[in-house]
Each structure stands twice: as structure tokens, then as C-alpha cells.
Amino acid sequence: MRGAVASRPQTGAKLSVSHVSKSFDTSSGDVIDAVVDVSFDVAENELCALLGPSGCGKSTVLRMVAGLEEPTDGSLMLDGQEIVGPGGDRGMIFQTYTSFDWLTVQQNVEYGMRLNGVPKGERKARADHYIELVQLEKFRNAFPSQLSGGMKQRVAIARTLANNPAILLMDEPFGALDAETRWTMQELLMIIMESLRPTVLMVTHDIEEAIFLADRILFMTRHPGRIREDLETRFKSGQRIPDKEAVTGLEGYADLERHIMHMMREESPNRERRA
Amino acid sequence: MRRQRWLEFKRPIPRRATVALGVAVWVIFFALWEFAVAQAWVNAKFMPPPHVVVGTLYEMLAGGAFVVDIGISIYRIFLSFALACLIAVPLGILMGSFRRVEAFFNPLVSAWRYLPAPSFIPLLLMWFGTGDTQKIALLFIGVLWFLITIIMDHVKAVRAELIETSMTLGGSRWQILRTVVVPAAMPNIVVAMRQMLAVSWTYLVIAEIVAATTGIGAVMMRAKRFLHVDQIMASIIVIGLLGLLFDYLFRLTHRRMFRYLDERER
Ligand SMILES: Nc1ncnc2c1ncn2[C@@H]1O[C@H](COP(=O)(O)OP(=O)(O)OP(=O)(O)O)[C@@H](O)[C@H]1O
Ligand SMILES: [Mg+2]
């Protein structure tokens with residue numbers, strides 16, 4: 001796949017988040033404004049990254065899209081339908097491993113389809129396809145306790161994709177992996193972007209990861225969380241390059257990275273102390 | 001090369017040494033006991049030597065009547081424990097899963113935990129007499145409340161991400177309960193059952209010593225009346241061995257049921 005590229009279509013908004021705010025009531029009686037007036041769209045087959053310093057509300061936004069958290073204000077629409085709760089059309093992948101220990105790899109991947117009553121034959125065929133896609137054929141009948149961290153995340157990705165969601169949500173999916181595994185997984189995601197053409201909203205605090213993977217980066221500010229900048233990774237000229245060195249070598253990469261680093265430093269909680 | 005010393009911090013020892021040392025401690029224990037009686041340091045009437053106790057145990061078992069008493073005790077344990085599990089497992093799972101269910105039942109359950117089960121013996125005797133029902137009721141209330149609480153805690157400890165993963169794959173509440181919460185908590189629930197079964201044996205002895213005509217405890221109380229210390233000791237050995245046996249069976253079941261668990265998690 002090295003060097004393979006494809007252009008990205010620009011159709012209407014798949015996900016539409018408008019004027020969304022979220023505050024939490026804490027046990028001490030205080031109210032935390034986690035996210036304030038966030039609006040953005042994600043287009044079909046777009047990979048959009050939510051980037052920002054720790055605690056800026058990235059996970060909260062993602063969880064509202066998943067329907068796991070209710071917005072205090074504003075609305076979220078997927079394919080023109082208001083999001084009112086969690087559902088199989090918005091599959092989520094977490095940073096912590098979520099493979100079900102008591103199921104084999106095959107059963108894990110079939111899990112969502114089983115919930116939704118997909119007939120056995122089709123379930124098996126689809127699971128096989130996705131297990132191959134994430135290269136776990138040899139571990140089909142293994143239990144998660146026998147797998148490495150990267151392999152467990154592959155299981156989670158296959159399980160979510162096999163359920164055929166309208167949008168794939170990922171909360172720092174590679175954050176717990178060692179550098180080399182993370183890199184392999186990022187390239188795998190790029191391959192999936194081209195072969196399955198899913199729509200992806202992904203949270204990360206890793207600048208390099210965001211630039212390499214994303215078509216668009218939403219940079220969020222801290223306390224309260226707002227969208228500070230909506231950046232298109234235009235230097236990739238609308239192409240997806242499943243090869244990390246190639247991307248870092250492109251003209252414009254360094255400028256974008258420097259720009260984001262600068263914003264990250266400005267949002268850093270240590271900044272005031274140093275000043 | 002470094003000198004091999006007999007005692008080293010945290011140094012693993014060969015398996016054969018573990019077994020040999022484990023056997024040795026018992027051999028020494030019984031030898032000292034025999035020796036003490038033979039030297040008349042203790043009164044053989046109140047402290048019969050081990051070989052007499054073992055002989056008595058053999059006679060009691062061969063006589064058949066004791067075997068019936070053992071059977072009755074096991075029956076009481078099983079029935080009361082099965083009843084307790086029948087209520088505690090579903091209730092503990094629901095309380096651990098849903099805050100409203102917890103808020104309703106927990107004040108009752110935790111209050112009961114602070115009432116020592118044996119304090120109900122006078123009441124139970126009045127209500128049910130000295131028969132099986134009273135014993136089973138005592139064992140039941142002795143185990144039930146703790147079992148509910150422990151199961152609830154294990155269910156609460158099921159990671160939120162597992163439940164949320166199922167939600168974002170389209171799982172309904174019932175499906176999540178059945179396919180995530182229960183299987184995720186089950187290994188710990190079985191451990192909790194194993195621990196509470198051991199507690200059950202304690203209450204059995206109390207129940208049978210207080211007022212009973214059948215069961216291992218009753219055999220012991222009868223033996224006491226006739227100063228048959230050897231029979232009391234033989235009974236204690238039987239209770240210990242049965243406890244050990246059931247614990248072992250539970251461990252075995254756990255191993256069989258949850259083969260998928262990592263060796264370290266067992
Ligand atoms: N359930 C909750 N109750 C109270 N406060 C919460 C809750 N969830 C999040 N918060 C607060 O909301 C803010 C945003 O949290 P969030 O987890 O969305 O940040 P994040 O950008 O994902 O951070 P990180 O990079 O550390 O994962 C934080 O201040 C956090 O303490
Ligand atoms: Mg987060």
C-alpha cells in the first residue's frame with residue numbers, strides 16, 4: 001500500500017454538532033463547564049480529529065456524539081437525525097482495552113452482529129472479513145488474555161467495523177500502545193479509511209498523530225472547552241497517505257506542526273506559572 | 001559460587017521441598033501429641049492420642065450412623081446455600097447494575113449484615129422448633145446478606161467501558177446485563193460463593209450444637225455428655241475435611257468454568 005493515494009469526496013455533513021455545551025454537577029455542588037458552544041460538521045468519509053490539551057473536553061464531545069452523555073445545550077445530528085442516546089450506528093473505541101475476556105476473537109468480532117440479530121452465516125462471513133482486515137486470522141480462536149495490547153485494539157476495531165456503524169468514534173485509541181505498535185495501528189487505520197471509506201471522529205492529544213491521520217483537526221481550548229481553530233490538513237492535497245515518513249516529509253507538515261505546538265503551549269496549564 | 005544457605009529472602013524453593021516441609025510439620029505435630037500423652041503430661045481421658053482418635057473415626061464411619069449425620073449436615077448446608085444463592089445472585093446483580101435498585105434494597109441489606117445471625121437462634125427455635133427448618137433458616141440468614149453485598153460490589157466493579165462498548169454496538173439494557181455484566185462479574189461471584197460456603201460451615205456447627213438431635217454438631221454434643229473426647233475430635237476432623245473438600249471442588253469448578261482467564265487472575 002506504500003504510496004497509494006486516493007482523493008477524498010466532499011459530500012454534505014454526515015455529523016452535525018451545533019452550539020453544544022455541557023456542564024457537570026460535581027459532588028461538592030460546583031458546576032464545571034466542560035464544553036461551551038461547540039459547533040462543527042463532519043463530512044462523509046472524513047477523518048476528523050479533536051485535538052487539545054488534557055481536560056479540554058475532547059472526550060466529553062465524543063461521548064455526546066456517542067449518546068453516552070447528554071448535552072446541556074445545543075443539538076447533535078447524525079444523517080439528519082437528532083442523537084438522543086447510544087446506538088449501534090455510532091460505534092466507539094476506547095483507549096482502555098474493551099475486548100470481552102470470556103469471548104474468543106471470533107466471538108468478540110461477531111458480538112455486535114449477534115446483538116442485532118444478524119443471521120449466523122452472514123455473521124460468520126462478515127467477522128471473517130474484518131478479522132482478516134486487522135490481520136488476526138491466526139488468533140481467531142484465541143482469548144483476549146493471550147493477546148498483546150495492539151492486538152486487543154485490533155479486535156475492538158474489527159468488532160466495531162463489523163457492526164457497520166454510520167460513524168466510527170475513537171477516544172485516544174492508540175494512546176496505551178508503545179510507539180512502534182501505535183505507528184502500525186495508525187497506518188492500518190489509513191488503509192481502512194481507503195478500503196471501507198468510513199466516517200471517523202477521533203480524539204487525540206498527540207499532535208503528530210492528528211496531522212498524520214486527520215483530514216481536519218479541531219483544536220480545542222481548555223476550561224471551558226471551545227473550538228479554537230478548525231484546521232484542514234491541506235498540505236496533503238486531499239490525499240491519504242498510509243506511510244508516516246512520506247507525510248512528515250511533505251511541504252507544509254512542519255509549519256502545521258509548529259502552529260499547533262504553539263497553540264498547545266498557549267493552552268498549557270503551566271503557562272501562567274512560568275510567566 | 002555463592003554459598004547455598006537454607007534460608008534466603010524470597011528465594012523460591014523446589015516443589016518437593018514444599019511438599020516435604022508441609023508433611024513434616026504435621027508429622028511433628030502428631031508425634032509431639034503422642035509423646036505428650038505417652039509421658040502422661042496430659043490426661044489421656046481429655047486428650048486422647050492421635051492414633052486413638054483415628055481409630056474412633058474409623059469405627060464411627062464404619063458404624064454407619066455417623067455417616068447419616070454427616071449426610072444430614074451436608075444436606076442442610078446445600079439447601080440453605082442454594083436458597084441464599086437463588087436470591088443473592090440476581091438481587092446482587094441488579095443492585096450492582098442499577099442505582100435505584102441499590103438505593104431501595106441496600107438500607108435493608110446492610111442493616112441485616114450488622115445483626116449476628118446466631119442472635120436469631122432463640123427466635124428461630126420458637127418459630128420452627130429444633131428441626132431442619134430452624135437450622136436451614138439460620139444458615140440462610142447467616143450467609144444471605146453478605147453474599148448480596150459482595151456480589152453487588154463485584155458487579156459495580158465491572159468496567160464502564162465494557163458496558164458502554166456494548167451500548168455503542170446497539171445493546172439493550174437486558175442484552176448488556178446478560179452478555180456483559182453477568183459474564184464479566186461471574187468469576188468473582190463464584191469466588192464470593194466459595195468464601196461464603198466456608199462461612200456456612202461455621203454457622204452449621206453453631207446451629208447443631210445449640211439444639212439438635214441429628215447432624216455432626218449433635219454427635220459432638222452427645223459425645224460430650226458421655227465424655228467421649230475421641231469422638232468429639234473425630235467429628236472436628238470430619239468438619240475440617242469436608243470444608244477443605246468443598247473448597248477444593250469450588251476451586252476446580254472455577255478453573256473449569258473460566259478457562260479463558262489469565263493464569264495470573266485465577
Ligand atoms: N462525569 C464527569 N463529572 C464531572 N466532571 C467531568 C466529568 N467528565 C468530565 N468532567 C470534566 O470535564 C472536563 C473535560 O473532561 P474530558 O474528559 O472531556 O477532557 P479530555 O479533553 O478528554 O481530557 P483527557 O485528554 O485528559 O482525556 C474536565 O475538567 C473533567 O474534569
Ligand atoms: Mg479524554
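Values reported hereafter were calculated over all heavy atoms of this structure, with side chains retained and with hydrogens, waters and symmetry mates removed.
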Residue, of A/G85, A/P86, A/G67, that accumulates the most heavy atom pairs under 4.5 Å with chain B = A/P86
Do other residues, nucleotides or ligands put more than 12 heavy atoms under 6.0 Å from B/Y248 OH?
-> no
Check the surroundings of atom CZ in B/F104: do more than 12 heavy atoms from other residues, nucleotides or ligands lie under 6.0 Å from it?
-> no
How far does OG1 of B/T179 sit from CZ of A/F100, to the nearest 0.5 angstrom?
-> 6.5 Å
Ignoring hydrogens and geometry, is there a side-chain-to-backbone donor-acceptor pair from A/S145 to B/L261 under 3.5 Å?
-> no
Side chains of A/T104 and B/Y260: donor-acceptor distance under 3.5 Å anywhere?
-> no
Crowding at CZ, B/R113 (>12 non-hydrogen neighbours, <6.0 Å) = yes
Taking C-beta and beyond as the side chain, do B/S166 and A/L115 meet within less than 4.5 Å on heavy atoms?
-> yes
Mark yes when over 12 heavy atoms from residues, nucleotides or ligands other than A/E180 sit less than 6.0 Å from its CD; otherwise mark no.
-> no
In terms of heavy-atom pairs under 4.5 Å with chain B, which of A/G91, A/A156, A/A66 leads?
-> A/G91
Filtered by a 4.5 Å non-hydrogen cutoff, the part of residues 137-157 of chain B contacting chain A is none
Looking at side-chain heavy atoms only, is the closest gap between B/E161 and A/Q95 below 4.5 Å?
-> no
B/E164 side chain near A/L68 side chain, heavy-atom distance below 4.5 Å | yes
If you draw a 6.0 Å radius around CZ in B/F78, do more than 12 non-hydrogen atoms from other residues or ligands fall strictly inside?
-> no
For A/T96 and B/R159, the nearest pair of non-hydrogen atoms, with its separation, is OG1-NH2, 3.4 Å
Please look at A/R159 and chain B and tell me whether the side chain, the backbone, both or neither of the residue comes under 4.5 angstrom of a heavy atom of that chain.
-> both
At what distance, to the nearest 0.5 angstrom, does CG of A/N108 lie from OG1 of B/T165?
-> 10.0 Å
Please say whether more than 12 non-hydrogen atoms of neighbouring residues, nucleotides or ligands are located less than 6.0 Å from CD in A/E70.
-> no
Count the heavy atoms of every other residue, nucleotide or ligand shown that sit under 6.0 Å from CZ of B/R99, and state whether that count exceeds 12.
-> no
For the atom pair OH (A/Y111) and CD (B/Q175), what is the distance rounded to the nearest 0.5 Å?
-> 7.0 Å
Turns out that what part of A/Y97 lies under 4.5 Å from chain B's heavy atoms comes down to backbone
State whether the side chain of A/N116 and the backbone N or O of B/L169 hold a donor-acceptor pair below 3.5 Å, judged by distance alone.
-> yes
Of the listed B/A184, B/G170, B/P183, the one with the largest count of heavy-atom pairs under 4.5 Å with chain A is B/P183
